[in-house]
Protein chains: 2
Amino acid sequence: MATIKQVAKLVGVSPTTVSNVIHGRKNKVSPEIYKRVKEALNQTNYVSNMSGRILSQNGSKIIGVILNYSRRSEINVVSDPFYNQMIGYLEEQIRMNEYYMMLYTSGSVQESLNLASAWKIEGLVILGALPEDAEKIIQVAQMPVAFIDTYISDALMKKRFINVGLQDFKGCYEITNYLIDLGHRQIGFCADGNTLKGVDEERYKGFKQAMADAGLKFDEEKDYFGLPYQINERHDYLSKLAKQRFRSYTALVFTSDYLAIDAMNILKDNQYRVPQDLSITGFDHNIFSEQARPKLTTVEQNVHEKAELTIKHLMQEIHEQGTQITNIKLSTKLIIQESTQALKK
Amino acid sequence: MATIKQVAKLVGVSPTTVSNVIHGRKNKVSPEIYKRVKEALNQTNYVSNMSGRILSQNGSKIIGVILNYSRRSEINVVSDPFYNQMIGYLEEQIRMNEYYMMLYTSGSVQESLNLASAWKIEGLVILGALPEDAEKIIQVAQMPVAFIDTYISDALMKKRFINVGLQDFKGCYEITNYLIDLGHRQIGFCADGNTLKGVDEERYKGFKQAMADAGLKFDEEKDYFGLPYQINERHDYLSKLAKQRFRSYTALVFTSDYLAIDAMNILKDNQYRVPQDLSITGFDHNIFSEQARPKLTTVEQNVHEKAELTIKHLMQEIHEQGTQITNIKLSTKLIIQESTQALKK
DNA sequence: CTGTTAGCGCGTTCAG
DNA sequence: CTGAACGCGCTAACAG
């Protein structure tokens, strides 16, 4: 509640002196006064008013974290533990850098940029942006931006933009290969919705490549399953699939643990045994894959590392030490658990 | 990027006029000029600078959301879907009220209050605060504060404080009673940690009351299981319990779905069949209880409603229309699913 | 080493 | 209906 002025009056010095003490500029204040001001600061429980600070050109100390939910339905963004974990870790990293986190979910680029300029936000973290939105942002944003899990062509990348993602192609290639090695030939691919973009698209490509490399047939019309976003619709649809079309497969690859577990439960309800009747794989290695029985064979990504790297590079850019384009693809790890087994001959 | 001054110069009017247009004060500006200014505003993509606004006494439009993790380990806060859902819904509600959300996890009251005063935060939402922390906050906070899931005595409540919670006692009483009705007599109670506070304590009381009302013995030393926070330690401990002490029970009551599912898996790994060998209940009715097989018998709380009510009342307080102490206890609902069954004689 | 002054962008007087 | 002037809290440049 106390302002610099009030503290200054209390001690009997000028506001500048107080400001200097606050910023620890010992060389500009005599030790004696420094001590007295410091005490007054503690006594009055002085907290600097951020708006004053921002106005006098000193950075807002805010990192905006924007959750894009144009891709997935809102329900999933709230429920999918990947986003939740990510937000938790981002908050941790931002706080550790003595910045503040403003969280915003937004479907539109303009909205996000308005937020940023209204608050003179120093850096932006954008989760799950579509490639076309990312392009727009790169063109107009005035501050460093870090994208997480967005596919941006290198040509578009600029110095102040950071892109942290995963080796989605490779991850999905490997897990598909693993299924093929187990003897599976009829493998279906299941994802959110009918048009794949970004992360899911890369995973799909990895899957198809693995199939092609093994000389296996894959019919994009028949063997690709686009699941509804809405949980009830999805369950109905999965039930139908379980009763008919899924019967001709021995393994199913899902683009996320969330979807895989969801489907596995519906399959169980329809008297499938996993993995005896059907092998199932997920992607993420989050809490769902561990809590499920059988535990899910999946692809691990290190969410904490993702958050840490993102904020680390963002901070570098903010402090102008960034020297090159940052486009990181973190490696993945195949986690073999209980939801897959070798095909019996 | 444009400031009021710049827009004013562009149109050829004074800053005041522009300000008036921004605030829609049509009676103070001629229609002709109003239109021209409006156009310029759109063209330049004007966004008002928040710091200027805050400084000139007009509210920061920030709601601070503080996650207290002194009670639970950080790991759980990040993983427990209750918190995640809550944050998602709070963000939604805050945004819908045209406010901004600043997210902060903190173990100390002072830190939280510093955040609030630095940003002139208009309202605070505090998740899972300890009663003693809540008391401190009530004493010193300058703005409306809404506590979620904190037990505060009515005597301490003041006009500007809001408390939204659950009928935890009743919820746990009912589910325990349900088990008793099913014929269970040896019922254990499992919770996070060894000293129960707030929500968990109330649930424990509800449990004990149900046992007492049914004339059943309950030994606080023996029949209460305090589980370690750390996931690995917890699993080890649960494994031990599964092999020995759990054998003498026919039902276990858990304080959250998260813990119940975690334990259920360990039990399965130890050849228990749920519910045939052991009935299990959770609390929350979140995604875990639905994704599990068997689906968990649990107590439902409406998280969305909780968030909505919290922000609604907080907004009322902010706009000074709050007239009375707000201490809400939302009702719960028993959700009977597959993890419980009648005891065979 | 210390104090004075100006200005950041906005909203709100108060005169014209 | 319009504009000039002030102040919010802070910092940086400049004077003493």
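Note that the structure is predicted; figures quoted are calculated from it, not measured.
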With heavy atoms under 4.0 Å as the rule, sort B/Ser48 into base, sugar-phosphate or nothing. sugar-phosphate

Between A/Asn114 and A/Gln110, a side-chain donor and acceptor under 3.5 Å: yes

Rounded distance (Å) that lies between atom P of C/dG3 and atom NZ of A/Lys28: 14 Å

Side-chain H-bond candidate by donor/acceptor type, A/Gln6 with A/Tyr46, under 3.5 Å: no

Separation of D/dC1 C1' from B/Lys35 NZ (nearest whole Å): 19 Å

Looking across every strand, which nucleic acid part, if any, lies under 4.0 Å from B/Ser19 by heavy atom: base, sugar-phosphate, or nothing? base

Side-chain N or O of B/Tyr46 versus OP1/OP2 of C/dG9: is the shortest distance under 4.0 Å? no

Tell me the interatomic distance from A/Lys9, atom NZ, to C/dG3, atom C1', rounded to whole angstroms. 15 Å

Using a 4.0 Å heavy-atom cut-off across all strands, classify A/Asn27 as base, sugar-phosphate, or nothing. sugar-phosphate

B/Lys5 NZ to C/dG11 P, in whole Å, measures 14 Å

Classify the nucleic acid contact of B/Ile54 as base, sugar-phosphate or nothing, counting any heavy atom under 4.0 Å across all strands shown. nothing

From C/dC1, D/dT11, C/dC10, nucleotide with atom closest to B/Thr3 side chain: C/dC10

Between B/Ser56 and B/Val29, name the one whose nearest nucleotide on DNA chain D is closer to the 5' end. B/Val29

B/Gly12 or A/Arg25: which one's nearest nucleotide on DNA chain D is closer to the 5' end? B/Gly12

Please state how far atom OH in A/Tyr34 lies from atom C1' in C/dT2, giving the value in whole angstrom units. 16 Å

Check the surroundings of atom NZ in A/Lys9: do more than 12 heavy atoms from other residues, nucleotides or ligands lie under 6.0 Å from it? no

Of all the choices, C/dG11, D/dC10, C/dT2, which nucleotide is nearest to the side chain of A/Ile33 once you look at every atom? C/dT2

Between C/dC10, D/dT2, D/dC10, which nucleotide has the shortest distance from any of its atoms to the side chain of B/Arg53? C/dC10

Consider only side-chain N and O atoms of A/Tyr99 and A/Glu122, and report whether a donor and an acceptor are under 3.5 Å apart. yes

Taking D/dC10, C/dT2, D/dG3 as options, the one with an atom nearest any side-chain atom of A/Asn49 is D/dC10

Does a donor on one side chain sit under 3.5 Å from an acceptor on the other, for A/Thr17 and A/Ser14? yes

Whole-Å distance between D/dC10 P and A/Met50 CE? 10 Å

Closest-nucleotide mapping onto DNA chain C: is B/Leu55 or B/Thr16 further toward the 5' terminus? I mean the 5' end. B/Leu55

Nearest listed nucleotide, side chain of B/Thr17, among C/dT2, C/dC8, D/dG3: D/dG3

Starting at NE2 of B/His23 and ending at P of D/dT2, how long is that distance when rounded to a whole Å? 17 Å

